[in-house]
Novice: 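Here it is, the structure in full.
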Amino acid sequence: MKAIVFSGPGEFSLTDVAEPEPGPREIVVKVEAVGICGTDVHVLDGEFEPTEFPIIPGHETSAVVHRVGSEIDGFAPGDRVSVDPTLTCGECSFCTNGKPNLCEFWNGAGVARDNGSVAEFMVAPVKNVHHLADHVDLGLAALIEPLSCAIRGYDLLPRRMGEHYLIYGAGTMGLMMAQLAPRAGAASVTVVDKNPDRLQVATEVGVETIAESADSVARKGGWDVVIDATGAVPAIEDGLKRVRRGGTFQQFGVAPTDAKATFSPFRVYNDEIHIVGSMAVLNSYARAVEMFSAGVLKAEAMVSHAFSLADYGQALEMFRKGQGRKLQIRPGLDESITLI
């Protein structure tokens, strides 16, 4: 089969590799779509510590079942599925105490030690494979993995009715957090991004208040919940200042490992500011499948381009430049297409 292989930091190629064989409790899927994520860039650049090269990237995956292991019931060739890339040991203190997303030996298909889905076929444990409803668009369903991360983020927030949310970043994750906020009880949602094209997408998915700076939409007393979905230090520092007394700041965006942000410890103490991180997925993937099926996202507005395997380099360059909306690889394409 054909696959994109990261052979080392900064090095990748379209390569012929062996098609994976399913173990007794594994499923081989034919990949329909895989989203490009910022983590993929960190992996390629050698900035993601768990990565072991060579590796096939890709962890946001929708697919069709191709082959099933000998001990599997409930799945058959042709079934439409979503694949959870998270792989954990099940034995460390975090796994055995209900926090496998913090597993000491955490592994993620396409980002750590196991191969991912920027390929014609991928293998996954049966427990990581989820059926999709017949009405779900199989290409857009690659958004389910990032949605599962967003749901985990909301699991960690207070979710009180009638609160006001400020979200930094109108990329894929910021747009998802914004679309989930009303379902979590938000009275208002404001999205801030310096990119006017991304703010236009925020409007298309239903965000009523957008701005290139929080100064232009300043709310007296601040916002009850402020979420950083950028990982950018200036946004983080600005966002911490915008939290209302007794409010919550969530660090959702992925910052560089060596990044440092400054804040007022006195204000955190005096105003009882809650600061919470959110790491990947925890018991939220199945819920993401159901919520995506229920139409929680305006998914058609979020994916702008689909690339063939041969055009992976073009897709990566476009992603680095911040162009387009969500970019996907669809291995079945002979030619890349623009969706929006």
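The basis for the numbers below is simple: all heavy atoms, side chains too, and nothing from hydrogens, waters or symmetry mates.
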Novice: Take atom CD in Glu208; do more than 12 heavy atoms of anything else shown fall under 6.0 Å from it?
Specialist: no

Novice: Between the side chains of Lys326 and Glu60, is the shortest nitrogen-to-carboxylate-oxygen separation below 4.0 Å, so that they form an ion pair?
Specialist: yes

Novice: Given the rule that I, L, V, M, F, W and Y join up when any side-chain heavy atoms are under 4.5 Å apart, are Val189 and Met177 in one cluster?
Specialist: yes

Novice: Regarding Thr262 and Glu237, do their side chains bring together a donor and an acceptor under 3.5 Å, going by distance alone?
Specialist: yes

Novice: Could you measure the distance from the CD atom of Gln179 to the NZ atom of Lys298? Nearest 0.5 Å is fine.
Specialist: 7.5 Å

Novice: Any side-chain heavy-atom pair from Met318 and Leu327 closer than 4.5 angstrom?
Specialist: yes

Novice: Check the surroundings of atom CD in Glu290: do more than 12 heavy atoms from other residues, nucleotides or ligands lie under 6.0 Å from it?
Specialist: no

Novice: I would like to know whether His164 and Arg219 meet side-chain hydrogen bond (donor to acceptor under 3.5 Å, both in side chains); could you show each step before the answer?
Specialist: CA-CA 9 Å; His164 300 276; Arg219 179 177 180 79; 2.8 Å; yes

Novice: Can you name the one residue among Val129, Asn128, Val123 that meets side chain to side chain contact (heavy atoms under 4.5 Å, CB included) with Glu26?
Specialist: Val123

Novice: So, does Arg267 use its side chain to make a donor-acceptor pair with the main chain of Leu240 at under 3.5 Å?
Specialist: yes

Novice: Let me see the working for Arg244 and Glu163 under salt bridge (Lys or Arg N to Asp or Glu O under 4.0 Å), right down to the final yes or no.
Specialist: CA-CA 11 Å; Arg244 182 176 181 162; Glu163 294 199 317; over 6 Å; no

Novice: For the hydrophobic clusters of this structure (ILVMFWY residues joined by side-chain heavy atoms under 4.5 Å, transitively), does one cluster hold both Val205 and Leu166?
Specialist: no

Novice: For the hydrophobic clusters of this structure (ILVMFWY residues joined by side-chain heavy atoms under 4.5 Å, transitively), does one cluster hold both Val281 and Val111?
Specialist: no

Novice: If the test is side-chain hydrogen bond (donor to acceptor under 3.5 Å, both in side chains), which one of Asp238, Thr230, Asp193 qualifies with Tyr168?
Specialist: Asp238

Novice: Following the transitive rule for hydrophobic clusters with a side-chain heavy-atom cut-off under 4.5 Å over Ile, Leu, Val, Met, Phe, Trp and Tyr, establish whether Val41 and Phe6 coincide in one cluster.
Specialist: yes

Novice: For a ring pair (Phe, Tyr, Trp, His ring centres under 6.0 Å) check, start with the C-alpha distance between Phe12 and Tyr312, then their side-chain angles and the critical distance, and finish with the verdict.
Specialist: CA-CA 10 Å; Phe12 71 90; Tyr312 184 79; 5.6 Å; yes

Novice: Say whether Val31 and Ile36 are linked into one hydrophobic cluster, either directly or through other cluster members, by side-chain heavy-atom distances under 4.5 angstrom.
Specialist: no

Novice: Is the side chain of Arg159 donor-acceptor paired with the backbone N or O of Tyr154 at a distance under 3.5 Å, no angle test?
Specialist: yes

Novice: In plain terms, say whether Arg325 and Glu204 are close enough for a salt bridge, that is, a side-chain N and a carboxylate O under 4.0 Å apart.
Specialist: yes

Novice: Considering only heavy atoms from C-beta outward, does the side chain of Glu104 approach that of Phe94 to under 4.5 Å?
Specialist: yes

Novice: If we only count heavy atoms from C-beta on, is the Met176 to Leu297 side-chain gap below 4.5 Å?
Specialist: yes

Novice: With side chains defined as the heavy atoms from C-beta onward, is the minimum distance between Met302 and Thr172 less than 4.5 Å?
Specialist: yes

Novice: Would you indicate whether Asn270, at its atom CG, is surrounded by more than 12 heavy atoms from other residues, nucleotides or ligands within a distance under 6.0 Å?
Specialist: yes

Novice: Quick test of your reading of the model: are Asp224 and Arg245 salt-bridged, counting only N-O distances below 4.0 Å?
Specialist: no

Novice: Could you check whether atom CG of Asp334 has more than 12 heavy atoms from other residues, nucleotides or ligands sitting under 6.0 Å from it?
Specialist: no

Novice: Answer yes when Arg320 and Glu317 have at least one side-chain N-carboxylate O distance shorter than 4.0 Å, and no when they do not.
Specialist: no

Novice: Can you spot which of Thr61, Asp84, Val83, Val289 makes a side chain to side chain contact (heavy atoms under 4.5 Å, CB included) with Ile144?
Specialist: Val289

Novice: Between Gln200 and Ile210, is any pair of side-chain heavy atoms under 4.5 Å apart?
Specialist: no

Novice: Short question: side chain of Arg80, backbone of Asp134 - any donor-acceptor pair under 3.5 Å?
Specialist: yes

Novice: Could you walk me through whether Glu19 and His66 pass the side-chain hydrogen bond (donor to acceptor under 3.5 Å, both in side chains) check?
Specialist: CA-CA 11 Å; Glu19 183 180 317; His66 180 59; 3.3 Å; yes

Novice: Taking C-beta and beyond as the side chain, do Glu145 and Pro85 meet within less than 4.5 Å on heavy atoms?
Specialist: yes

Novice: Is there side-chain contact between Val81 and His130, with heavy atoms separated by less than 4.5 Å?
Specialist: no

Novice: Is atom NZ of Lys241 surrounded by more than 12 heavy atoms (other residues, nucleotides or ligands) closer than 6.0 Å?
Specialist: no

Novice: Regarding Ser82 and Tyr285, is there a side-chain donor-to-acceptor distance under 3.5 Å anywhere?
Specialist: yes

